[in-house]
**Q** 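So that we are looking at the same thing, I have put the structure below in structure tokens.
The structure displayed is predicted, hence computed values, not measured ones.
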Amino acid sequence: MSKRILIVTGDAAEVLEVYYPYFRVLEEGYEAVLAAPAKKVLHTVVHDFVEGWETYTEKPAHLLPAHIAFADVDPAQYDGLVIPGGRAPEYIRGNEDLPRILSHFLEADKPVGAICHGVQVFAALSDTSYFRSRTMTAYNACRLDVERLGASYAKETLHVDGKLVSGHAWPDLPGFMREFLKLLA
């Protein structure tokens with residue numbers, strides 16, 4: 001039976017951080033399911049790094065249909081979870097169904113991948129004990145988010161701690177997905 005991977009996202013997800021995992025999962029022969037606060041067409045964005053800027057730039061990108069709303073997700077039906085970055089994590093973390101989804105994957109010790117700003121969704125959890133004595137990385141602006149969870153911030157751009165894979169930004173996607181897919185095997 002094919003593995004099922006849940007990708008939680010929303011409007012303003014970084015286009016590469018949602019499309020790359022989605023297509024890599026499909027390429028492996030697994031089922032990829034895009035979940036969002038509502039089943040709708042999502043608007044993605046392009047984040048780019050410009051020399052001389054202290055942060056990234058943002059432009060509109062491709063449209064992407066969400067297959068399922070968070071409220072309709074039964075996380076027990078999935079083998080792994082991917083959390084893309086972009087600006088989507090800052091608002092989807094407020095969705096009342098997201099803590100239930102996240103908790104399932106963490107409690108069941110299933111593979112979880114969070115890239116860039118994806119770690120921000122973990123702020124939705126009232127219990128952050130999952131992250132104590134753990135190490136994660138994220139976009140450098142999210143270092144405080146990682147530390148507030150009780151985790152140590154790894155400065156390298158890719159980090160694996162048990163079944164938790166974290167990446168700094170979209171340039172790390174090849175290693176991020178390689179490590180995530182290894183955990184699914």
Side-chain angles (χ1 to χ4, degrees), residues 4-26 30-49 55-106 110-126 128 130-131 136-142 144-146 148-149 164-173 176-177 180:
R4 297 182 82 205
I5 311 308
L6 186 67
I7 302 172
V8 294
T9 194
D11 281 325
E14 207 295 321
V15 66
L16 290 173
E17 293 171 6
V18 68
Y19 269 94
Y20 189 104
Y22 177 72
F23 285 118
R24 276 296 292 125
V25 165
L26 293 176
Y30 302 147
E31 182 180 355
V33 177
L34 295 160
K39 184 178 176 181
K40 64 173 236 166
V41 175
L42 302 171
H43 300 266
T44 67
V45 296
V46 173
H47 285 165
D48 211 348
F49 306 105
T55 188
Y56 53 85
T57 62
E58 181 176 273
K59 299 175 198 106
H62 302 292
L63 300 176
L64 180 68
H67 303 125
I68 190 170
F70 291 161
D72 298 322
V73 169
D74 175 1
Q77 295 182 0
Y78 298 90
D79 301 290
L81 174 67
V82 173
I83 308 164
R87 282 188 300 114
E90 77 184 48
Y91 86 89
I92 67 171
R93 65 186 174 180
N95 182 282
E96 66 184 13
D97 291 293
L98 194 58
R100 168 184 60 81
I101 295 167
L102 298 172
S103 294
H104 169 82
F105 286 94
L106 294 166
K110 294 180 180 180
V112 174
I115 191 156
C116 201
H117 289 77
V119 298
Q120 290 179 325
V121 301
F122 297 129
L125 297 168
S126 56
T128 58
Y130 308 108
F131 305 102
M136 298 166 53
T137 194
Y139 185 63
N140 56 12
C142 297
L144 294 175
D145 298 284
V146 169
R148 284 193 180 112
L149 291 171
L164 183 59
V165 179
S166 53
H168 187 254
W170 60 259
D172 304 304
L173 283 164
F176 174 82
M177 286 308 297
F180 180 79

**Q** Is there a donor-acceptor pair closer than 3.5 Å between any side-chain N or O of H168 and the backbone N or O of N140?
**A**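 Checking the backbone N and O of N140 against the side chain of H168, a donor-acceptor pair under 3.5 Å is found.
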**Q** What's the shortest heavy-atom distance between A36 and G10, and which atoms?
**A**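 It is CB-CA, 4.4 Å.
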**Q** Can you measure from CG (L81) to CD1 (I7) and round to the nearest 0.5 angstrom?
**A**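 Going from the CG atom of L81 to the CD1 atom of I7 covers 9.0 Å.
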**Q** May I ask you to decide if I92's main-chain N or O and N95's side chain share a donor-acceptor pair within less than 3.5 Å?
**A**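 No.
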**Q** Could you check whether any side-chain heavy atom of L42 comes within less than 4.5 Å of a side-chain heavy atom of T9, counting everything from C-beta outward?
**A**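 The answer is yes; the side chains approach within 4.5 Å.
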**Q** Before we go on, tell me: are the rings of Y139 and H47 under 6.0 Å apart, centre to centre?
**A**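 Ring centroids of Y139 and H47 are no less than 6.0 Å from each other.
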**Q** Counting N and O atoms only, with roles assigned by atom type, does the side chain of S166 sit under 3.5 Å from a partner on the main chain of T137, one being a donor and the other an acceptor?
**A**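 The answer is yes, because a donor-acceptor pair under 3.5 Å joins these two groups.
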**Q** Check the surroundings of atom CD in Q77: do more than 12 heavy atoms from other residues, nucleotides or ligands lie under 6.0 Å from it?
**A**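 Result for CD/Q77: enclosed.
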**Q** Can you tell if the side chain of R24 reaches within under 4.5 Å of the side chain of L173, non-hydrogen atoms only?
**A**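 Sidechains of L173 and R24: no contact.
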**Q** Write down the atom of I83, the atom of G118, and the distance for their closest heavy-atom approach.
**A**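 The answer is CG2-O, 3.5 Å.
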**Q** Please determine whether side chain to side chain contact (heavy atoms under 4.5 Å, CB included) holds for the pair V46 and E58, giving the CA-CA distance in whole Å, both sets of side-chain angles, and the decisive distance to 0.1 Å.
**A** CA-CA 5 Å; V46 173; E58 181 176 273; over 6 Å; no
**Q** Are R100 and D97 within salt-bridge range, i.e. N to O under 4.0 Å?
**A**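 Salt bridge flag = yes for D97 with R100.
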**Q** I want to know whether Y130 and F122 have ring centres closer than 6.0 Å.
**A**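 No, the ring of Y130 stays outside the 6.0 Å limit from the ring of F122, centre to centre.
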**Q** Nearest 0.5 Å please: distance from the CZ atom of R93 over to the CG atom of L98.
**A**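 Reported value, rounded in 0.5 Å steps: 11.0 Å.
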**Q** Could you check whether D11 pairs with K40 (Lys NZ or Arg NE/NH1/NH2 to Asp/Glu carboxylate O, under 4.0 Å)?
**A**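 Between K40 and D11 there is a salt bridge, with a charged N closer than 4.0 Å to a carboxylate O.
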**Q** May I have the step-by-step check of side chain to side chain contact (heavy atoms under 4.5 Å, CB included) for D79 and F105, ending in yes or no?
**A** CA-CA 8 Å; D79 301 290; F105 286 94; over 6 Å; no
**Q** Closest approach of Y91 and P37, non-hydrogen atoms and distance?
**A**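 Smallest heavy-atom distance, with atoms named: CE1-CG, 4.1 Å.
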**Q** Could you measure the distance from the CG atom of L34 to the CG atom of L64? Nearest 0.5 Å is fine.
**A**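 Here the interatomic distance stands at 5.0 Å.
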**Q** For a 4.5 angstrom cut-off between non-hydrogen side-chain atoms, does I5 reach F180?
**A**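 Yes, their side chains come closer than 4.5 Å.
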**Q** Answer yes or no: is there a side-chain heavy-atom contact under 4.5 Å between V45 and V15?
**A**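 The answer is no, as the side chains (C-beta and beyond) never meet within the 4.5 Å cut-off.
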**Q** To the nearest 0.5 Å, tell me how far E90 CD sits from H117 NE2.
**A**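 NE2 of H117 is found 8.0 Å from CD of E90.
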**Q** I'd like to check F49 versus T57 (side-chain heavy atoms, cut-off strictly below 4.5 Å). Are they in contact?
**A**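 No, side chains not in contact.
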**Q** Kindly say whether D145 contributes a backbone atom to a donor-acceptor pair with the side chain of R148 at under 3.5 angstrom?
**A**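 No; judged by distance alone, with no hydrogens or angles, the pair does not exist.
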**Q** Supply the atom-to-atom distance L6 CG to H67 NE2, rounded to the nearest 0.5 angstrom.
**A**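 Reported to 0.5 Å precision, the distance equals 11.0 Å.
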**Q** For P99 and A124, which heavy atoms make the closest approach, and how far apart are they?
**A**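 Minimum heavy-atom contact is CG-O, 3.5 Å.
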**Q** Please confirm whether the backbone N or O of H62 pairs with a side-chain atom of T44, one donor and one acceptor, at under 3.5 Å?
**A**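 A pair under 3.5 Å: yes.
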**Q** Would you sort out whether L106 and F131 count as a side chain to side chain contact (heavy atoms under 4.5 Å, CB included), showing the intermediate values?
**A** CA-CA 9 Å; L106 294 166; F131 305 102; 3.9 Å; yes
**Q** For the side chain of E14 and the backbone of G85, is there at least one donor-acceptor N/O pair under 3.5 Å apart?
**A**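 The answer is no, because no donor-acceptor pair under 3.5 Å joins these two groups.
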**Q** Any non-hydrogen side-chain atom of W170 less than 4.5 Å from a side-chain atom of Y19?
**A**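 They are not in side-chain contact.
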**Q** Side chain to side chain contact (heavy atoms under 4.5 Å, CB included) for V33 and I68? Distances and angles first, verdict last.
**A** CA-CA 8 Å; V33 177; I68 190 170; 3.7 Å; yes
**Q** State, yes or no, whether a side-chain contact exists between V119 and M136 at a heavy-atom distance under 4.5 Å.
**A**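 With C-beta onward as the side chain, the pair touches.
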**Q** About how many Å separate CD1 of I115 and SG of C142, when rounded to the nearest 0.5 Å?
**A**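 Answer for the SG-CD1 pair, C142 versus I115, is 11.5 Å.
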**Q** So which heavy atom on P84 is nearest to which on P89, and how close?
**A**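 Looks like O-CG, 3.4 Å.
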